[in-house]
Participant: 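Can you keep this structure in mind? I'll have questions shortly.
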Protein chains: 2
Amino acid sequence: MAKNITSPEKDFSRWYLDVIREAELSDSAPVRGCMVIRPYGYSIWEMMKEDLDRRFKETGHSNAYFPLLIPESFLKKEAEHVEGFSPELAIVTHAGGKALEEPLVVRPTSETIINHMFSKWINSYRDLPMLLNQWANVVRWELRPRPFLRTTEFLWQEGHTAHADEDSAREETMCMLKVYTDFMKDIAAIPVIPGIKTDKEKFAGGVNTYTIEAMMGNGWALQGGTSHYLGTNFAKAFETRYLDANNERKFVHQTSWGVTTRLVGAVIMVHGDEHGLKLPPNLAPIQAVIVPIGRKEEEKAAVREAAHKMADDMKELGIRVLVDEREDMSPGFKFNHWEVRGVPLRLEIGPRDLAEGHVLASQRNKPGRENKFTIPMDGIAEEIKSALARIQEEMLAAAVEFRESRTYDVETYEEFKKALPDKPGFYRVWWDGSSEDETRIQGETKATVRCIPLEQRPGTGKCFLTGRETSTTAIIARAY
Amino acid sequence: MAKNITSPEKDFSRWYLDVIREAELSDSAPVRGCMVIRPYGYSIWEMMKEDLDRRFKETGHSNAYFPLLIPESFLKKEAEHVEGFSPELAIVTHAGGKALEEPLVVRPTSETIINHMFSKWINSYRDLPMLLNQWANVVRWELRPRPFLRTTEFLWQEGHTAHADEDSAREETMCMLKVYTDFMKDIAAIPVIPGIKTDKEKFAGGVNTYTIEAMMGNGWALQGGTSHYLGTNFAKAFETRYLDANNERKFVHQTSWGVTTRLVGAVIMVHGDEHGLKLPPNLAPIQAVIVPIGRKEEEKAAVREAAHKMADDMKELGIRVLVDEREDMSPGFKFNHWEVRGVPLRLEIGPRDLAEGHVLASQRNKPGRENKFTIPMDGIAEEIKSALARIQEEMLAAAVEFRESRTYDVETYEEFKKALPDKPGFYRVWWDGSSEDETRIQGETKATVRCIPLEQRPGTGKCFLTGRETSTTAIIARAY
């Protein structure tokens, strides 16, 4: 176990904070609930941004930028929306040395300001669909902050689209849910359960909220991203209408969808272990680190030259590799430095390795001396490329296996209440409860209905709480 | 002249707003002084970001993210800093449904919060230099807003670095000034004059401010970016110290540097003309647009196929090309659409062109039918690549020539005052004035000392205002 890192089995919350500190991912800021994202943590977010941005553009979206400050009156135009967000708002009351006539809200999300602009920009069916995305910071006052997972200010992307009809908007909602699902699986090596939120858990002001739910290393759930079908709620509040082909004025149907910096937290909690962070290769800012080893000057020079030659070959194949040449640190210090930061592959090369024409490799996802293996220097770049692809698959498979091993089917609420404390995980149940029932479950067990999975169990059964016959299954779990 | 665009000779300010509206670059927001950056405008900023970010990383900088909200007391720690920024601050007084104990400032810049973190992160000389950058939004209450040039909220990057000594910090200051200079020339095709600001114009809290000054299409100057040597001012205010190799505690020397979305405004005003925006190829989100022309269905299909074949070949060479296949718009409408948006190269292809094996090309920087030319379809991608490189050079050369033609040497203040109203431009003068002298010049002529260029005229002369002998020359101009 790495120095300074609590065992995750012993205290998962403390382990999480330890990993963040030791891997230098973030630090707390002087303002309540805010964090500073340190360079290494930010580089993981940059990898996420780059990949997601590409996916958004491939599906026809353009980026734009809307103002941070929103007139307070805008939020009040959609009743559910203001009710949902009011308690979390930060308010600018003074600016330019004066009290403002109307207070401004620091955006908690941008549906209102974007609808205000959409109502200017959208005139006819020819302007539709309007498919926009914004990368931005938002502020929601947070009373129980936790780095990356819940912070007063966080970074995110928010997609906002307007469509001529419900079908087209619903198609968009599901398309973006799929984009998120694929990203989580292919890049973050995190399997997710796509599903729909219950009314109690849906977005304030929307019609339907779809979610991707992932299981963390302690069996708790984390909502990884959401895609909302907003119907015409905001369109009606902001008069966002268009002339259709028959010259009739109609309200647009809308969607919004987002993921946030909490995904960095998800990666830590799904893959991390007692040695620290563990990054899937497709997400790792540094995929492989080469540590040259040697005492005598002439040895060092030769080893270094070989290390750079290998690194150059790898870079040509698009591998993100770094040669750690720091002079005043021991190999052991360097090994620990990159291990706690979760670099997928470490390559050691010393004079003897050089003479024998190979390097010694360690996979971050298979710790321990016994798992080290040699790779011939001849054609090493290709070999590393396939090793990284293999590690990506192994990490996804491990996450799937972990989730499956902690997914339980229960028939009754009594059974659930008895099992949950000792076996945190995803509980699959037949479900026909109400929002009040959900409140009761949460009050008694702290668990929540995470989603009604898109993929449903065939047939029918009795709701685990109400006993009513139903064809719906739900996932219930403790959640971040 | 394009419909809806005022002549720049007639009314440059109105022309600027017309181009922004017609090219759909930005729109005004409901909050005073704020703007919405529309997708096409934002895509230009994305091009800038991508290129600058690469340059920052190549020079050893990492990105990080610091909080938007800063305790008001932090700003007060550096006396000049708070004096300079106070009038422009937006203040959060309420959050989470309560009045805050200490008001929070929406960051106008991040020196204070970053020094607070630096003082935690920097312990020994081994931690130096610390080279960070942040892409972020900032808020400075703006009484005379103008899209892109002066907005209450704007997007920017702010570099913040800490060094062991003055030499190293000064080297960084100049290195980043060079990065900006190269970017402006190579990407934005804008020649700039790098120089140092007078004390009156320097950054509040810094020791020296370096700037790059560009000439806009009306002869006015625009400060394109700044790089500050901060000395130990913030280090002293925040106790940012390190242990040197002799175990002595010393203050770090710091720099900060930034460019903003106002660069989009600079590109509009340097290159734009009576037809709209004109983008240099290296900055253009779309470098070439292909407009297929044809009436009959079978003609259209063949033309379209050829257009896509060409586009695919161009994409392979890294050219950003778009085939405009919109059905319900005439070729003339499309030509205007892309002309006003400044796409550097337009290619028309109709059935006759296809039969003759060529396309008809129009360079945005050489408008007029007489300047159209044909390009053989065989090997067209290479041809387009070199055409784009040529256009980039031509646009830079035109901007240099324009600036030279409006750069004047004057000997006396009388001569300057007489010349300026009719001949706005850069006035090169011998300079040995004080801050009070600068205030007087500004009061009488609205012109300001833009910078003391790094490249100085050899020899000495008499200050154009005070008559004192000096070896210093300055650039004086009206400015945005």
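By convention in this document, chain letters (A, B, ...) are assigned in the order of the sequence lines, proteins followed by strands, and residues within each chain are numbered from 1.
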Participant: Can you say whether B:Tyr40 sits under 4.5 Å from chain A via the side chain, the backbone, both, or neither, judging by heavy atoms?
Facilitator: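 Contact with chain A involves no heavy atom of B:Tyr40 at all.
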Participant: Please classify the contact of B:Leu143 with chain A as side chain, backbone, both or neither, using a heavy-atom distance under 4.5 Å.
Facilitator: neither
Participant: Do A:Asn133 and B:Tyr42 have side-chain heavy atoms sitting under 4.5 Å apart?
Facilitator: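 In short, these two side chains do not touch, never coming nearer than 4.5 Å.
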Participant: Between B:Glu88, B:His116, B:Glu24, which residue shows the highest count of heavy-atom pairs closer than 4.5 Å to chain A?
Facilitator: B:His116
Participant: Measure the CD-CZ distance between B:Glu102 and A:Arg32 for me, rounded to the nearest 0.5 Å.
Facilitator: 15.0 Å
Participant: With respect to chain A, which residue among B:Leu89, B:Val139, B:Leu100 yields the maximal number of heavy-atom pairs within a distance under 4.5 Å?
Facilitator: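 Max contact count across the listed options: B:Leu89.
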Participant: Heavy-atom distances under 4.5 Å only: say whether B:Ser28 touches chain A with side chain, backbone, both or neither.
Facilitator: both
Participant: With rounding to the nearest 0.5 Å, note down the distance linking OG1 in B:Thr152 to CG in A:Leu104.
Facilitator: 10.0 Å
Participant: With a 4.0 Å cut-off, would you call B:Lys57 and A:Glu46 a salt bridge?
Facilitator: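 So B:Lys57 pairs with A:Glu46 through a salt bridge.
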Participant: Do B:Val36 and A:Tyr65 have side chains that get closer than 4.5 Å, going by heavy atoms?
Facilitator: no
Participant: Let me know if A:Pro87 has heavy atoms under 4.5 Å from chain B in its side chain, its backbone, both or neither.
Facilitator: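 It is the backbone, since no side chain atom gets that close.
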Participant: How close do A:Pro39 and B:Leu132 get, counting heavy atoms only, and between which atoms?
Facilitator: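 Shortest heavy-atom separation between A:Pro39 and B:Leu132 comes out as CG-CD2, 3.5 Å.
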Participant: To the nearest 0.5 Å, what is the distance between CD1 (B:Ile91) and CD1 (A:Ile91)?
Facilitator: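 These two atoms lie 15.0 Å from each other.
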Participant: Do the side chains of A:Ile70 and B:Val31 get nearer than 4.5 Å, heavy atoms only?
Facilitator: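 Side-chain contact under 4.5 Å: no.
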Participant: What part of B:His94 gets within 4.5 angstrom of chain A, counting heavy atoms only: side chain, backbone, both, or neither?
Facilitator: both
Participant: Under 4.5 Å heavy-atom distance to chain B, tell me which part of A:Ile114 shows up: side chain, backbone, both or neither.
Facilitator: neither
Participant: Identify which part of B:Val105 has an atom lying under 4.5 Å from any heavy atom of chain A, answering side chain, backbone, both or neither.
Facilitator: neither
Participant: Once rounded to the nearest 0.5 Å, what's the spacing between atom CG of B:Asn63 and atom CZ of A:Arg38?
Facilitator: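 Rounded to the nearest 0.5 Å, the CG-CZ separation comes to 15.0 Å.
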Participant: How long is the span from the CG atom in B:Leu69 to the SG atom in A:Cys34, to the nearest 0.5 Å?
Facilitator: 5.5 Å
Participant: Above 12 or not: heavy atoms from other molecules or residues under 6.0 Å from CD of B:Glu83?
Facilitator: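 No - once you tally the heavy atoms of other residues, nucleotides and ligands closer than 6.0 Å, there are 12 at most.
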Participant: Could you tell me if the side chain of A:Pro67 sits less than 4.5 Å from the side chain of B:Met35, heavy atoms only?
Facilitator: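 Of all side-chain heavy-atom pairs linking A:Pro67 with B:Met35, none is under 4.5 Å.
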Participant: For the residue pair B:Asp27 and A:Trp121, confirm or rule out a side-chain donor-acceptor distance under 3.5 Å.
Facilitator: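 Judged by distance alone, the side chains do pair up.
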Participant: Can you tell me which of B:Pro30, B:Ala90, B:Ala29 forms the most heavy-atom pairs within a distance under 4.5 Å of chain A?
Facilitator: B:Pro30
Participant: Give the member of B:Asp328, B:Ile113, B:Asn137 that has the highest number of heavy-atom pairs under 4.5 Å with chain A.
Facilitator: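 Among the listed options, the one with the most contacts to chain A is B:Asn137.
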Participant: Heavy-atom cut-off 4.5 Å, strictly under: side chain, backbone, both or neither for B:Arg126 against chain A?
Facilitator: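 For B:Arg126, side-chain heavy atoms alone lie under 4.5 Å from chain A.
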Participant: Side chains of A:Val92 and B:Thr93: closer than 4.5 Å at any heavy-atom pair?
Facilitator: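 The answer is no; the side chains never approach within 4.5 Å.
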Participant: Quick one: does B:Phe66's side chain get under 4.5 Å of A:Glu153's, heavy atoms only?
Facilitator: no
Participant: Counting heavy atoms not belonging to B:Glu101, are there more than 12 under 6.0 Å from its CD?
Facilitator: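 Open: at most 12 neighbouring heavy atoms sit under 6.0 Å from CD of B:Glu101.
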Participant: Measure distances from B:Lys98 to the heavy atoms of chain A and classify the residue's part below 4.5 Å as side chain, backbone, both or neither.
Facilitator: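 Neither part.
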